[in-house]
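Worksheet: the structure to be examined is printed underneath.
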Amino acid sequence: MVRFAWRDGAKIEDGDEAHRRLQYWGGQVAEKTNVLVSEPLPQFLVEYPALVQRIAATGAFANSKHGKPNHCLVNEYEPGQGIMPHNDGSAYFPAVATLSLGSAILLDIFEYQDESTPTTPAFSILQEPRSLLITHGSAYQQYLHGIAARDLDTAEDLNKVINRDMLTNPELRTALHLQRDRRLSMTFRDVERVAPRLF
Ligand SMILES: O=C(O)CCC(=O)C(=O)O
Ligand SMILES: [Fe+2]
């Protein structure tokens with residue numbers, strides 16, 4: 001059995017005090033050069049249940065350099081933890097496939113503002129457990145995304161959800177509030193520039 005160490009969540013920006021824990025598989029993206037110092041993906045991502053191939057089969061990465069994700073970042077959110085509004089930067093092909101596990105959570109989508117970090121989402125996506133969210137094209141490039149650092153989403157927060165009709169859990173479809181629990185997200189991306197690990 002292979003064990004993976006949790007790492008402290010990197011700050012996306014000053015003020016992002018979330019201290020999420022994270023793991024990454026497939027290697028580490030060098031901060032300055034955006035090059036992936038690659039490591040083989042673990043078996044369970046490529047053999048069974050072969051998440052990488054199944055995500056590739058959606059077509060989301062058909063035009064990316066490798067035609068499929070070569071990197072997976074896992075974020076852990078305890079109730080009260082979130083991630084500041086951000087974009088995912090230029091290291092990646094502009095598509096991300098996010099598998100949600102554990103608690104349901106709201107991904108808030110923001111329009112860009114000059115300078116300041118936006119606080120009011122344009123809309124939100126309710127990510128239910130075991131769902132796959134694919135963000136690409138203009139949704140990836142022209143908006144910021146974030147998760148509010150709170151342990152309860154109110155009716156007002158839920159009013160901004162645009163995908164209630166798509167949810168499979170009827171309770172979530174009609175929920176008036178959302179009490180958060182621990183959540184894990186697995187975010188799959190294709191890092192276009194790759195260097196093999198030398199040692
Ligand atoms: O946990 C999520 O759904 C979002 C994670 C995210 O935005 C990121 O890792 O860049
Ligand atoms: Fe992100």
Side-chain angles (χ1 to χ4, degrees), residues 4 6-31 34 36 41 45 51-52 55 58 60-61 64 69-112 117-119 121-151 153 157-158 160-163 166-167 172 178 180-192:
F4 297 93
W6 285 105
R7 310 170 204 244
D8 275 339
K11 280 188 186 180
I12 300 256
E13 256 176 55
D14 281 350
D16 185 12
E17 296 295 346
H19 298 300
R20 292 176 316 281
R21 295 196 303 170
L22 57 88
Q23 301 183 6
Y24 38 86
W25 297 325
Q28 195 168 359
V29 184
E31 234 173 67
N34 279 347
L36 174 69
L41 286 163
L45 289 183
L51 297 174
V52 164
I55 287 168
T58 66
F61 293 88
S64 79
N70 61 3
H71 190 258
C72 176
L73 173 71
V74 182
N75 281 294
E76 178 196 50
Y77 302 84
E78 296 288 357
Q81 291 184 321
I83 186 167
M84 278 182 75
H86 66 281
N87 67 34
D88 285 352
S90 55
Y92 313 104
F93 174 74
V96 57
T98 307
L99 183 64
S100 275
L101 302 169
S103 180
I105 216 163
L106 300 190
L107 183 74
D108 297 326
I109 309 294
F110 301 88
E111 272 159 18
Y112 276 92
T117 304
T119 51
F123 59 91
S124 300
I125 296 168
L126 199 160
Q127 299 187 83
E128 69 181 327
R130 300 167 60 88
S131 67
L132 183 71
L133 172 69
I134 294 175
T135 311
H136 66 115
S138 58
Y140 184 97
Q141 283 160 317
Q142 289 167 22
Y143 291 88
L144 300 165
H145 57 277
I147 293 169
R150 56 183 176 237
D151 48 25
D153 300 298
D157 303 322
L158 287 164
K160 296 228 159 161
V161 171
I162 55 161
N163 64 321
M166 296 173 76
L167 302 175
L172 280 179
L178 201 64
R180 295 212 198 145
D181 202 344
R182 179 174 180 252
R183 170 183 180 253
L184 294 173
S185 68
M186 299 176 73
T187 53
F188 292 85
R189 301 181 176 86
D190 187 1
V191 188
E192 309 238 85

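Atoms within a ligand are numbered from 1 in the order they appear, just like the ligands themselves. We're numbering straight along the sequence, starting at 1. What you see below is based on every heavy atom in this structure, not just the backbone, and it leaves out hydrogens, waters and symmetry mates.
- Of all atoms in ligand 1, numbered sequentially from 1 with element shown, those under 4.0 Å from a heavy atom of Tyr77 are 1 (O), 2 (C), 4 (C), 5 (C).
- Set against the non-hydrogen atoms of Arg183, the atoms of ligand 1 under 4.0 Å away are 1 (O), 2 (C), 3 (O).
- Of all the heavy atoms of Ile105, none lies under 4.0 Å from any atom of ligand 1, so neither backbone nor side chain is involved.
- Under a 4.0 Å criterion applied to the non-hydrogen atoms of Arg189, ligand 1 contributes the atoms 8 (C), 9 (O), 10 (O).
- Near Leu73, the atoms of ligand 1 lying under 4.0 angstrom from a non-hydrogen atom of the residue are 9 (O).
- For the pair Asn70 (side chain) and Val191 (backbone), a donor-acceptor distance under 3.5 Å is present.
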Atom pairs and distances, donor-acceptor, side-chain atoms in residues 91-100, under 3.5 Å, two or more places apart:
from	atom 1	to	atom 2	distance (Å)
Ser100	OG	Arg183	NE	3.3
Ser100	OG	Arg183	NH2	2.8

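- Residue Thr98 has no nitrogen or oxygen atom sitting less than 3.5 Å from a nitrogen or oxygen atom of ligand 1, judged on distance alone.
- Considering Ile55, Val52, Leu45 in turn, Leu45 is the only one that fulfils the side-chain contact (heavy atoms from CB on, under 4.5 Å) rule with Cys72.
- Between Phe61 and Asp190, the shortest heavy-atom distance links the atoms CE2-N, 3.8 Å.
- Geometry at the Fe ion (ligand 2): NE2/His86 and NE2/His145 form an angle of 90°, nearest 10 degrees.
- Between His145 and Ile125 the shortest side-chain heavy-atom distance does not fall below 4.5 Å.
- Residues Leu178 and Leu172 are in side-chain contact: their nearest non-hydrogen atoms beyond the backbone lie under 4.5 Å apart.
- Under the 4.5 Å side-chain criterion, counting only non-hydrogen atoms from C-beta, Gln81 is not in contact with Asn75.
- With a 4.0 Å heavy-atom cut-off, ligand 1 is reached by no atom of Glu76.
- The side chain of Ile147, and not its backbone, has at least one atom closer than 4.0 Å to an atom of ligand 1 (non-hydrogen atoms only; side chain from C-beta on).
- When the N, O or S atoms of Asp88 are ranked by distance to the Fe ion (ligand 2), OD1 comes first.
- Within the 4.0 Å heavy-atom criterion, neither part of Leu133 lies near ligand 1.
- Between Leu126 atom CG and Leu167 atom CG the span is 5.5 Å, to the nearest 0.5 Å.
- For a threshold of 3.5 Å applied to N or O pairs, the pair formed by His145 and ligand 1 contains at least one separation below that value.
- Every atom of ligand 1 with a heavy atom of Asn75 under 4.0 Å away is listed here by number and element: 5 (C), 8 (C), 9 (O).
- Side-chain contact of Asn34 with Ser90: a donor-acceptor pair under 3.5 Å is present, judged by distance alone.
- Residue contacts with ligand 1: Met84 is excluded, as none of its non-hydrogen atoms falls under 4.0 Å.
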